[in-house]
Number of protein chains: 4
Amino acid sequence: METYPIEKRFPPLGHKRWVIAEGFIPTTSHGPEPEMTSHEAACVLNVSDEEAHLEIWIFYSDREPVGPYRISIGPRRTKHIRFNALTDPAPIPHGTDYSSVIESDVPIVVQHTRLDSRQAENALISTLAFADTESVM
Amino acid sequence: METYPIEKRFPPLGHKRWVIAEGFIPTTSHGPEPEMTSHEAACVLNVSDEEAHLEIWIFYSDREPVGPYRISIGPRRTKHIRFNALTDPAPIPHGTDYSSVIESDVPIVVQHTRLDSRQAENALISTLAFADTESVM
Amino acid sequence: METYPIEKRFPPLGHKRWVIAEGFIPTTSHGPEPEMTSHEAACVLNVSDEEAHLEIWIFYSDREPVGPYRISIGPRRTKHIRFNALTDPAPIPHGTDYSSVIESDVPIVVQHTRLDSRQAENALISTLAFADTESVM
Amino acid sequence: METYPIEKRFPPLGHKRWVIAEGFIPTTSHGPEPEMTSHEAACVLNVSDEEAHLEIWIFYSDREPVGPYRISIGPRRTKHIRFNALTDPAPIPHGTDYSSVIESDVPIVVQHTRLDSRQAENALISTLAFADTESVM
């Protein structure tokens, strides 16, 4: 597929602080890897013409939050961030409840998805993350 | 079923810019086609008395956005737009992460749905898309 | 379980107009009825001390909207409205895309759920409906 | 995994009143307990530096609301509250439609999740709860 030159510019779209209150990386998987590996992702869109610099904080039920995990998303790009892949400052333990706060220096949109393949057939969830509308600018 | 004449008029309902941050068309399917074909859809409602003219832009992780895909929705009509069916200016590759921005000249409401039948049993997700409330009018 | 007298009063909670853009009643089911019958529901909460009078309009892709379907919800009550059960002015055809607009004379909260048991294992979706925040009062 | 001292302080994030309009605890389960027990949960994040004191009210279709169920969440902590585990003032009956209102003395974020393992393969749903934005402060 070709890419298309775009003269179009998108006005700011989204917010700078998002929350995914539900987090849980299943401990086991069924099916071909990596497509069918149980995972949890934050799908992020940056429509702006600047690189977005994200800081993710992971909150737990029984210890202090861990972060920031730093991730960049290019201008006019999407990134599906797998929480399984976050390692610095520390990997997220599997089989543990957590929540995440995602901060960005430019407005972004965040959607939360989980593929759960603990049993033979996969289950999927997806929901819009919570946007802190107070922090738009 | 009969249709019903309605004298009722609906006030503007929805917004003019929406985002679906999560996009992924599975590469394989199980079950009878086309009902059980893996697909991803934007379900759009136009309650107004004017035709809605939509422009959809697809954002990728590694190339420039592609669009606009142009779609019209009649007055007082719903349309379930399958991303698999978008071909002009270019089909969306399967097995690839993407996001979409949907712009309309009249307020609409957008909900995102995916049927994933990669494994023998289907999985469904659905979530309200993100509305850019700044752009209501 | 006993019921509890409550002296507590809830302030107005919710909105008066909601949209579920995605609607589809599967044509077939697997599993014990009625719990496992494929169905689509609008789950509605009325925390107020007045009865809520709802009017539901069903929008289609190829014909005029049908309605109103009239439903009441008592004060401080929830109701899970199955779209399958709506018959007056006309039942909703199965296997057909539709959207719904739900209007109420008191603020309510609406969540959308679908159980899809077309294949042997059931799939569930649920998402908050779209609230028309312009119409709060 | 080590915990990390954080000098970072999070500004208020979320709202003080939330609604989950859809509630249903399945009556049966398949798979290993407790991970695969059918359950319904409210995932709550408290990013503040104060303990959050929650009061949950359960609404039914045919009787008065029951509550408050009192739960605390520590500063900078998440808690995944299983509705199955609520017992005081009364357990929630299984196989019954309900809705919940969650009130907190500090802003929180709430996401709703259900694991349904009535059939052999599990189904998952998750959606952001409804935030009463009128009550932010």
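By convention in this document, chain letters (A, B, ...) are assigned in the order of the sequence lines, proteins followed by strands, and residues within each chain are numbered from 1. A quick note: this is a predicted structure, and the numbers were derived from the prediction, not measured.
Counting heavy atoms from C-beta on, the side chains of Glu22(B) and His112(A) never come closer than 4.5 Å. Side-chain contact between Val47(A) and Val19(B) is absent, with no heavy-atom pair separated by less than 4.5 Å.
Contact annotation for Pro11(A): both backbone and side-chain heavy atoms come within less than 4.5 Å of a heavy atom of chain B.
Considering only residues two or more places apart in sequence or on other chains, Glu50(A) meets the salt bridge (Lys or Arg N to Asp or Glu O under 4.0 Å) condition with none of them. Here Asp49(B) pairs with Arg9(B), Arg76(B) under the salt bridge (Lys or Arg N to Asp or Glu O under 4.0 Å) rule; sequence neighbours left out.
Rounded to the nearest 0.5 Å, atoms CD1 (Ile20(B)) and OG1 (Thr78(A)) are 12.0 Å apart. The distance from the OG atom of Ser61(B) to the CG atom of Leu45(A) is 11.5 Å, given to the nearest 0.5 Å. The CZ atom of Phe59(B) lies 9.0 Å from the CG atom of Asn46(A); values are rounded to the nearest 0.5 Å.
For the residue pair Phe10(A) and Val101(B), the shortest heavy atom distance occurs at CE2-CG1, 4.3 Å. A pairwise comparison of heavy atoms in Arg77(A) and Pro65(B) identifies NH1-CD, 4.3 Å as the closest pair. Minimum heavy-atom separation, Val109(A) to Ala21(B): O-CB, 3.9 Å.
The existence of a salt bridge linking Lys8(A) and Glu103(B) is confirmed by a sub-4.0 Å separation between a basic side-chain nitrogen and an acidic carboxylate oxygen.
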